[in-house]
Amino acid sequence: MPTKWSQTLIPTARQVPSEAEVPSHQLMLRAGYIHKLGAGIYDYLPLGLRSLRKAMDIVRQEMDRVGAIEVMLPTLQPIELWEQTGRRAAYGENLFVVKDRHGREQALGPTHEEVITHLVASCIESYRQLPVTLYQIQTKFRDEFRPRFGVLRSREFQMKDAYSFHLSLDGPGGLEETYQKQYEAYRRIFERCGLPYEIVEAESGPIGGSASHEFMVPSPTGEDVILKSDKGNYAANVEKCEIGGRPHSLDGPSTGDLEKVHTPDSPGIDDVVAFFKKQLKTKLKPQNMLKTLVFTGLAVPNQLAEKIMREHDWKTKLGDIKDQLVVQWVLAVVRGDHEVNEAKVLQLAKKWWPGLIKLELADDSAVREQDITFGYVSPRIVLDTPGLMRLAIDPDAAQEQFWVTGGDDEGYHVKHFNWKRDVLDLMDDRYKQHVTVADIRNATDGDPSPKADCGVLQATKGIEIGHVFKLGCKYAESLNLTVLDEANKRVYPIMGCYGIGVNRILAAAIEREGGNDENGIIWPASIAPYSVLITPIKYEGAMRDTADRLAGELEAAGLDTLIDDRDERPGVKFKDADLIGIPLRVTIGEKALANGQVEVKPRHAKQAELVAVDQAAKHIAGMLQPL
RNA sequence: CGGGGUGUAGCGCAGCUUGGUUAGCGCGCUUGACUGGGGGUCAAGAGGUCGCGAGUUCGAAUCUCGCCACCCCGACCA
């Protein structure tokens, strides 16, 4: 049955709600697709739900096509599962935790690795049952520190999550095979949804795992920065993006005597630059400054960590070895105009301390404990605490040139800092191995590609709509999932996991190039709430009869059809039609109808085309194919 | 969590500085008339715990304190 506008709920608004900033958010609100209930919580109105369902249908079809099996897992998850995998801490504040009447804690699932692993552990015993890929489309909860951009980052959202289990990495039935299948399924899904996308290498974050790729829709409103080599052979999220080799040296001569400069109230790079310009009348560029960040972390002592790994002793609880944990410190030094990449620092630190549990930017109090002057830190503080801190220097900071850096004294900086003279030569030989030059910063536009082929990285922004991971055995090990292999030996299956943010598909479709104009949304036909909107100039007489008959024919041909049966002036109907963005509009007016014709206009077209009424349904069906 | 800002009708806002009739305006909504191909015109209406709670005062949307919600910017993350 065709839908009549007057009988559904499409609250369009002329004015832009003040809270919305990005086009997808504004338009979904204005066009009556969603309605806000709270921060990061939205009602899906009939149009929004229809689009969401269409995206879900495409996802389901493509998952089924590659042999994934649908399940539905609970939202409410015993907190113990999250403690067993250590992810309660890793997810931290982003995990919603609710208490039941007995005071037991449950997590509202932000993702389902724990639950699926638990399920598979209890019903799969034999290697013969592998490989298997299970998926679901379900509401996820994440207590985002800052929900924003409407449906792009909300606290409750729809996610398709799939999980695969394998005996081996390669070969038939291996993780690699399924990973490829999912990868291809993702390509088909996003193509069918009409989304332009890039595939980039990604950091796996708290999900964990060895390798991962993200599917990104390029858009200036995207929250992720992606870098692509101009040679076309490398693309990565900035969190992951490696930077090609850069020459460096810590042995170069100084540019002058170390000189202390009074720079009151200037803890940041920009502050110092501004102070030099204003007060000292000297031009100082951020790239002539060294930025030193203090990281602190907790580690299981190396010997114990190695023992646990060697013996696969996952039963050792953190609580049991709490007293043995060691505090570790890293000083990360990058050029003033660069940003430290925490994931890279973490990788590096894990090489030093295999039992590292976490590493984060030291906060105020931690820094003060060590007598470090927050905001005025220089690399020289390694000398004050011999052997305590490791020093990690980005190659671009490991240069001989004019450097300004912190004075390690409130309100002071120093000029002419030199690595050899001011650090290395003053350092006990034993600790020189604690100084490392390594890529520890975020890549930026213009950096060399890691492919070492003279490629140059170019930065753009993107919206993450999908993410595939190779997980390895992490969850199987911590939740004790084993199967018997051919040799009757217990082994941990290898896992993969694959996620798609379904709501984001909608937002990304609007944010994409050509996804909207000054009048409203322009949907790809595959995920539009309706394929055709019939707009009779007046819903009465012959126009009404024609509208009803055509709608019936279109529905019979399998096209979702909406009739604007409201008693509104044509201008209002046209404006609303453009706003809600249905791919094809059929206008039925008196004049054309007198000649037995109706007007057909694609949403993105300027001009309508006249079509004979009795040919219209067929004609329209043909037009929708390529849209 | 830090910094900034906002809460007044369904939506967008004014009024608050300097307390004082019945709290306004535009859009939307209701009724009627005219109208009818890109957000019409006229007329008559309905709609408000001024975010919540205390306080100051003869009197509070307005001043004070506390709380709550939401938005923006940041270290971050789907």
Side-chain angles (χ1 to χ4, degrees), chain A residues 11-22 25-26 29-30 32 35-41 90-94 110-111 140-161 202-207 212 214-217 222-225 237-239 268 270 293 339-343 360-364 442 462-469 497-505 507-508 518-520 535-540 543 566-579 585 587-593 599 601 606 608:
Chain A
T12 58
R14 191 180 298 214
Q15 272 152 332
V16 183
S18 58
E19 78 217 35
E21 292 221 312
V22 301
H25 190 196
Q26 293 178 343
L29 248 13
R30 269 190 69 204
H35 176 257
K36 190 172 87 164
L37 221 208
I41 315 174
Y91 247 90
E93 304 270 81
N94 271 4
T111 173
K140 299 285 192 277
F141 296 86
R142 292 188 189 175
D143 195 358
E144 293 288 344
F145 73 98
R146 190 174 164 205
R148 69 183 139 175
F149 302 149
V151 141
L152 276 176
R153 180 172 296 282
S154 52
R155 296 196 293 171
E156 179 178 333
F157 59 100
Q158 301 299 315
M159 183 159 108
K160 185 286 301 183
D161 45 329
E203 190 58 44
S204 41
I207 306 277
S212 78
E214 286 170 336
F215 291 72
M216 296 278 190
V217 176
E223 293 186 90
D224 288 277
V225 174
N237 192 309
V238 67
E239 295 160 8
D270 294 341
L293 281 88
E339 279 173 25
V340 169
N341 180 308
E342 292 193 32
E360 56 192 21
L361 263 177
D363 60 17
D364 250 358
N442 283 344
I463 298 167
E464 181 186 348
I465 46 173
H467 201 157
V468 292
F469 303 82
C497 85
Y498 320 90
I500 290 181
V502 188
N503 319 251
R504 277 189 178 178
I505 290 180
E518 66 281 4
N519 292 318
T535 309
I537 295 298
K538 283 193 84 168
Y539 191 60
E540 57 182 47
M543 286 183 277
R566 295 174 301 169
D567 182 21
E568 289 286 354
R569 297 173 63 86
V572 173
K573 292 188 180 187
F574 293 148
K575 285 288 183 193
D576 273 347
D578 285 349
L579 221 206
R585 187 180 85 205
T587 309
I588 300 178
E590 241 159 342
K591 285 170 226 154
L593 199 55
E599 297 158 50
K601 178 183 160 312
K606 281 234 156 54

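So you know, we letter chains A, B, ... as the sequences are listed, proteins then strands, and number each from 1. Computed from a predicted structure; not experimentally measured.
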Closest approach to the side chain of A:Asp224, judged atom by atom: which nucleotide of B:C27, B:C77, B:C13 is it?
B:C77
Looking at the base of B:G37, is there any donor atom on it, or on the side chain of A:Glu599, that sits under 3.5 Å from an acceptor on the other one?
yes
Test for a donor-acceptor pair under 3.5 Å between the base of B:G37 and the side chain of A:Arg585, counting only N and O atoms.
no
Which listed nucleotide (B:G37, B:C70, B:G36) is nearest to the side chain of A:Arg569?
B:G36
5' priority, RNA chain B, between A:Glu214 and A:Ile537 [closest heavy atom]
A:Ile537
So if I take every side-chain heavy atom of A:Phe574 and compare against B:G37, B:A78, B:A75, which nucleotide ends up nearest?
B:G37
Of the candidates B:G12, B:C71, B:G74, the side chain of A:Pro17 sits closest to B:G12
Testing B:G12, B:C29, B:G37 for proximity to the side chain of A:Glu568, the answer is B:C29
Nucleotide nearest A:Lys601 (side chain, heavy atoms from C-beta), chosen from B:C71, B:G74, B:G38:
B:G38
Please tell me if the side chains of A:His25 and A:Val151 come closer than 4.5 Å, counting only heavy atoms from C-beta onward.
no
Taking atom NE2 of A:His467 and atom CE of A:Met216, what is their separation to the nearest 0.5 Å?
8.0 Å
Of A:Arg566 and A:Gly38, the one whose closest nucleotide on RNA chain B sits nearer the 5' end is A:Arg566
Phosphate OP1/OP2 of B:U35: any A:Lys538 side-chain N/O under 4.0 Å:
no
Is B:C67 paired to anything, Watson-Crick or G-U wobble with both distances less than 3.5 Å, and if yes, which nucleotide?
B:G51
Counter-base of B:G74, judged by Watson-Crick or G-U geometry with both distances under 3.5 Å:
B:C1
If you check every side-chain atom of A:Arg153, which of B:G38, B:A78, B:G12 has the closest atom?
B:A78
Going by purine N1 to pyrimidine N3 plus the second Watson-Crick contact, or the G-U wobble pair, all under 3.5 Å, which nucleotide sits opposite B:A9?
none
Does A:Ser18 put a side-chain nitrogen or oxygen below 4.0 Å from OP1 or OP2 of B:C13?
yes
Of the listed nucleotides (B:G39, B:G26, B:G37), which one gets closest to any side-chain atom of A:Leu579?
B:G39
With rounding to the nearest 0.5 Å, note down the distance linking NZ in A:Lys538 to NZ in A:Lys573.
9.5 Å
If we take the P atom in both B:C71 and B:U31, what is their distance in whole Å?
35 Å
Mind checking the C1' distance from B:G20 to B:U35? Whole angstroms is fine.
47 Å
Suppose we call a contact any N or O donor and acceptor under 3.5 Å apart; does that hold for the side chain of A:Asp567 and the base of B:G36?
yes
